[in-house]
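Source: prediction; values computed, not measured.
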Amino acid sequence: MIPEIDHIISAAIHERIFPGAVVLVAQDTHILHSAAYGTTMYDDPGTVPVTLDTIYDLASLTKVFTATAALRLHDAGMLPLDQPVQHWLPALRAPDITVRHLLSHSSGLAVQLAPLARAGAATIRTTVYTATPRHPPGRIVEYANLNTLLLGDVVAAIYGGSLADALTELVCVPLGLHKTRFNPPTEWRTAIAPTEWDWEWRGGLVHGVVHDESTYALGGVAGHAGLFGPAAEALRLVQLFLQEGAWQDRQLLHAGTALAALTPQPASDTSRLVSGLGWMLHRPYMGSAIHHGFGHSGFTGPLLIGIPQRRLAIVLLCNRTYPKRTPPPYRHHAVAAMVVDAIIQAIDR
């Protein structure tokens, strides 16, 4: 265990950055740190202590699961990355957007999904499918939910079923993930951390249903958000890429594909963001590993970080949106950066 992490997370709870958290750290297959902190709702009525098995709304970490499914289809010869998306989604108006553009957030599309949520699923998809790029595809990396919404639609179209079933078969079952899923059953609710009080639209506490507004309008299943799961299962996804696509006795991804996912994708303007294939690169929450780590964050508070040079997989799950979301800069990102630095310092001692 790494005592400095305990101090960092306890201080964050005291400062009300989040009510509780789970932190897991592994180097290769060796667990360096595994701890649960705080409660699910501070000391509010109904709160319970966080445990290692607490299930969190994974928010945009869903994007990495969707990307992994897409990369598995790519390795099977079913999804060429430089093929126009219109090949599978003929209703998409923009003809020059490829699968690679969706994976690397360089499509040029810039529709904001949350403001469309109350208009319903049909309006969301019509708006996305009829949008035209704000920038030429491949020019600028501009993180947007609709890229992975479309990628999820492509995965489902190729799979020939629902996105939920596709991610289960292509990602969750091979990795042995039994508690990671969309729309968790009501009997799981006592194990799930609530995300936010939403009196304006949903009339109360968002608990056991997806927090992301657009995914909620889409029935709880989308390429960009909607998955719930515990930290131990999220850790396996990071480990898969650290192990160059190998998991136990199977090669789930070609080694070259896994490495490409962690490599900056071509863009003529990289001044804003740097993206791999599904993974984000060079993000401040990676702390001192900012230039050689990969990771992803989620709006409700979860973070995944991998550091290949040190063979480190890091998971921090929290519900920083409870009781109400706070605007950027997101304070839990600074907490994650401190955790990364504490891990590296502990290893180097």
Could you tell me whether a side-chain N or O of [X] sits under 3.5 Å from a main-chain N or O of [Y], the two making a donor and an acceptor?
| X | Y | result |
| --- | --- | --- |
| Arg134 | Ala110 | no |
| Arg236 | Leu175 | yes |
| Gln243 | Ala246 | yes |

Is it the case that the side chains of [Y] and [X] hold a donor-acceptor pair, with the cut-off being a distance below 3.5 Å and no angle test?
| X | Y | answer |
| --- | --- | --- |
| Asp82 | Thr98 | no |
| Thr39 | Thr47 | yes |
| Asp57 | Thr195 | no |
| His224 | Thr215 | yes |
| Arg100 | Ser106 | no |

Nearest heavy-atom pair of [X] and [Y]: which atoms, and what distance?
| X | Y | result |
| --- | --- | --- |
| Pro174 | Arg250 | CB-NH1, 3.9 Å |
| Ala26 | Leu235 | CB-CD2, 4.1 Å |
| Ala225 | Phe182 | O-CE2, 3.6 Å |
| Ala117 | Ala217 | O-CB, 3.4 Å |
| Met41 | Gly46 | CE-C, 3.2 Å |

Could you measure the distance from the [atom1] atom of [X] to the [atom2] atom of [Y]? Nearest 0.5 Å is fine.
| X | Y | atom1 | atom2 | value |
| --- | --- | --- | --- | --- |
| Ile343 | Ile307 | CD1 | CD1 | 6.5 Å |
| Tyr42 | Arg16 | OH | CZ | 5.0 Å |
| Leu103 | Ser275 | CG | OG | 8.0 Å |
| Tyr285 | Ile290 | OH | CD1 | 10.0 Å |

message = Which label fits Tyr143 and His296: parallel for a plane angle under 30°, tilted from 30 to 60°, or perpendicular past 60°?
response = tilted

message = Is the ring pair Trp279/Phe294 parallel, tilted or perpendicular, if the boundaries are 30 and 60 degrees?
response =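 Ring orientation of Trp279 relative to Phe294: perpendicular.
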
Within one Ile-Leu-Val-Met-Phe-Trp-Tyr cluster: [X] and [Y], side-chain cutoff 4.5 Å:
| X | Y | result |
| --- | --- | --- |
| Ile8 | Tyr330 | no |
| Leu259 | Leu277 | no |
| Leu151 | Phe241 | yes |

query = Under the side chain to side chain donor-acceptor pair (under 3.5 Å) criterion, do Thr326 and Arg320 qualify, and how do the steps go?
reply = CA-CA 8 Å; Thr326 54; Arg320 70 101 195 166; 3.2 Å; yes

Let me check something: any side-chain donor-acceptor pairs from residues 333-340 under 3.5 Å, sequence neighbours excluded? List them with distances.
none

message = The test is side-chain contact (heavy atoms from CB on, under 4.5 Å); show your working for Asp6 and His33 and say whether it passes.
response = CA-CA 10 Å; Asp6 298 338; His33 192 91; 3.5 Å; yes

query = Is the shortest heavy-atom distance from the side chain of Leu177 to the side chain of Phe65 under 4.5 Å?
reply =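 Sidechains of Phe65 and Leu177: in contact.
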
message = On the six-membered ring of Phe299, is Arg325 placed so that its NZ or CZ lies under 6.0 angstrom from the centre and within 45° of the ring axis?
response = no

request  = Determine, for Lys179 against Asp53, whether the closest basic-nitrogen to carboxylate-oxygen distance falls under 4.0 angstrom.
outcome  = no

Glu15/Arg331 salt bridge by N-O under 4.0 Å criterion = no

query = So, for Phe228 and Trp188, is the gap between ring centers shorter than 6.0 Å?
reply =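 Ring-ring flag for Phe228/Trp188: false, centres at least 6.0 Å apart.
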
